[in-house]
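Let me begin by presenting the structure, written as structure tokens, before commenting on it.
Because the structure is predicted, anything quoted here is derived from the model rather than measured. Throughout, residue positions are numbered sequentially from 1 according to the sequence presented.
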Amino acid sequence: MTTDTPSETRFEPLVTRRYRDFAAYNEWANQRLYEAAAQLSVAQYRADGGAFFGSVHATLNHILVGDRLWLRRITGSGDEPAGLDAILFETLAELAPARAAEDARIAAYVAGLDTMTLAGDLTYTNVAGTRFTQNLATVLDHVFNHQTHHRGQVHCLISGLLGKSAAPSLDLIAFQRENGASRQG
């Protein structure tokens, strides 16, 4: 049996689509998570539940901090939060539109990517002041994985506070099924 090896030209749309799909998934998952977080009382939202950044409030702020730091490193523009534990917004009502705006910014950036850009290197300085050079595609992999990691922590906190049924599915496959990437039967 022989299989065709895709040419680089045929493969390019798959590579660039991967990041557009991840941006769309992150927007979808963030919306669902923020809707669930809105069901928490202020005390629950701010309670230290043992996650790395403590509370739902601090963890949602951290996810936004990380995205802003990385997009600043990648694009050279945007806010640069003072630290990984910075509290950018004091309430969920203030944080939610900032999250939506950052998701739109991420989607706009990845919409313009091509394989040559993804194959290139990014040189950046981390919050400790250490300089690194890394392939852009692997940096973007980290950006999307970082969101998933901390969203999982928030999901766990919400489940513990409100019960498992209050925390929505954030599985990538659920997003893919909802958006027509698979079919039954």
Side-chain angles (χ1 to χ4, degrees), residues 8 11-12 14-31 33-34 37 45-92 94-158 170 172 175:
E8 193 170 319
F11 189 64
E12 181 171 358
L14 295 174
V15 173
T16 55
R17 188 183 76 212
R18 169 186 173 171
Y19 295 100
R20 290 191 305 275
D21 289 349
F22 278 145
Y25 163 70
N26 277 319
E27 180 178 14
W28 174 86
N30 286 332
Q31 287 173 348
L33 195 63
Y34 272 68
Y45 175 69
R46 292 184 169 276
D48 186 338
F52 191 85
F53 288 92
S55 65
V56 170
H57 172 67
T59 305
L60 290 177
N61 268 280
H62 170 71
I63 297 168
L64 183 59
V65 164
D67 288 343
R68 286 185 172 182
L69 285 170
W70 279 109
L71 279 177
R72 171 85 177 170
R73 292 169 184 160
I74 294 166
T75 68
S77 66
D79 294 339
E80 188 171 3
L84 297 176
D85 60 352
I87 299 299
L88 303 176
F89 298 94
E90 286 299 328
T91 67
L92 184 64
E94 296 169 319
L95 189 57
R99 172 74 267 161
E102 201 68 16
D103 287 340
R105 188 170 170 237
I106 292 167
Y109 173 73
V110 299
L113 289 174
D114 58 39
T115 54
M116 292 301 292
T117 304
L118 284 166
D121 284 341
L122 173 70
T123 299
Y124 63 91
T125 303
N126 71 2
V127 293
T130 306
R131 190 175 166 97
F132 294 92
T133 299
Q134 188 172 342
N135 171 263
L136 178 61
T138 63
V139 168
L140 290 173
D141 291 344
H142 166 72
V143 170
F144 292 121
N145 187 64
H146 179 260
Q147 276 202 31
T148 300
H149 166 69
H150 287 295
R151 272 195 308 264
Q153 292 175 340
V154 173
H155 190 276
C156 184
L157 292 171
I158 292 170
L170 301 179
L172 179 60
F175 166 77

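- Counting heavy atoms from C-beta outward, N26 and V143 have side chains that stay 4.5 Å or more apart.
- Every residue meeting the salt bridge (charged side-chain N to carboxylate O under 4.0 Å, His left out) condition with E102, not counting sequence neighbours, appears here in chain and number order: R68, R105.
- Side-chain contact check for L84 versus L69: some heavy-atom pair is nearer than 4.5 Å.
- Residues E27 and I106 form no side-chain contact, since every pair of their non-hydrogen atoms from C-beta on lies 4.5 Å or further apart.
- Between D21 and L172, the closest side-chain pair of non-hydrogen atoms is not below 4.5 Å.
- Applying the salt bridge (charged side-chain N to carboxylate O under 4.0 Å, His left out) test to every pair with at least one member in residues 45-60, sequence neighbours left out, gives these pairs: R46-E90.
- Separating the NE2 atom in H155 from the OG1 atom in T59 is a distance of 14.0 Å, to the nearest 0.5 Å.
- Under the 3.5 Å distance criterion, the side-chain polar atoms of Y25 are matched with a main-chain donor or acceptor of L170.
- Looking at R20 and L113, their side chains never come closer than 4.5 Å, going by heavy atoms from C-beta outward.
- Closest approach of A23 and A107 over heavy atoms only: CB-CA, 3.9 Å.
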*Trace of the side-chain contact (heavy atoms from CB on, under 4.5 Å) decision for F89 with L60*: CA-CA 10 Å; F89 298 94; L60 290 177; over 6 Å; no
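- Taking the six-membered ring where the residue is Trp, F22 and F144 present tilted rings, their angle falling between 30° and 60°.
- Between the side chains of T148 and N145, not a single donor N or O lies within less than 3.5 Å of an accepting N or O.
- If you take CG on L140 and CG on L71, they are separated by 8.5 Å, rounding to the nearest 0.5 Å.
- Rounded to the nearest 0.5 angstrom, N30 CG and R99 CZ are separated by 4.5 Å.
- For F52, the CZ atom sits in a loose shell: 12 or fewer heavy atoms of surrounding residues, nucleotides or ligands are nearer than 6.0 Å.
- The distance from atom CH2 of W70 to atom CG of N126, rounded to the nearest 0.5 Å, is 8.0 Å.
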*Walk me through it: do R72 and D79 pass the test side-chain contact (heavy atoms from CB on, under 4.5 Å)?*
CA-CA 7 Å; R72 171 85 177 170; D79 294 339; over 6 Å; no
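- Taking CG of D103 as the start and OH of Y34 as the end, the distance is 8.0 Å to the nearest 0.5 Å.
- Partner of L95 under the side chain to side chain contact (heavy atoms under 4.5 Å, CB included) criterion, chosen from I63, N61, I87: N61.
- For residues 119-141, the salt bridge (charged side-chain N to carboxylate O under 4.0 Å, His left out) pairs, not counting sequence neighbours, are R18-D141.
- Atom-to-atom distance recorded for H146:NE2 and D67:CG is 8.0 Å, nearest 0.5 angstrom.
- For an aromatic pair to be called close, the ring centres must be under 6.0 Å apart, and F53 with H150 satisfies this.
- Scanning both residues, V56 and A37, for their nearest heavy atoms gives CG1-CB, 4.2 Å.
- Taking all atoms of both residues into account, the shortest heavy-atom contact from P81 to V65 is CB-CG1, 3.9 Å.
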*Let me see the working for I158 and L33 under side-chain contact (heavy atoms from CB on, under 4.5 Å), right down to the final yes or no.*
CA-CA 9 Å; I158 292 170; L33 195 63; 4.0 Å; yes
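- Residues H149 and H142 have side chains that never bring a donor and an acceptor to within less than 3.5 angstrom of each other.
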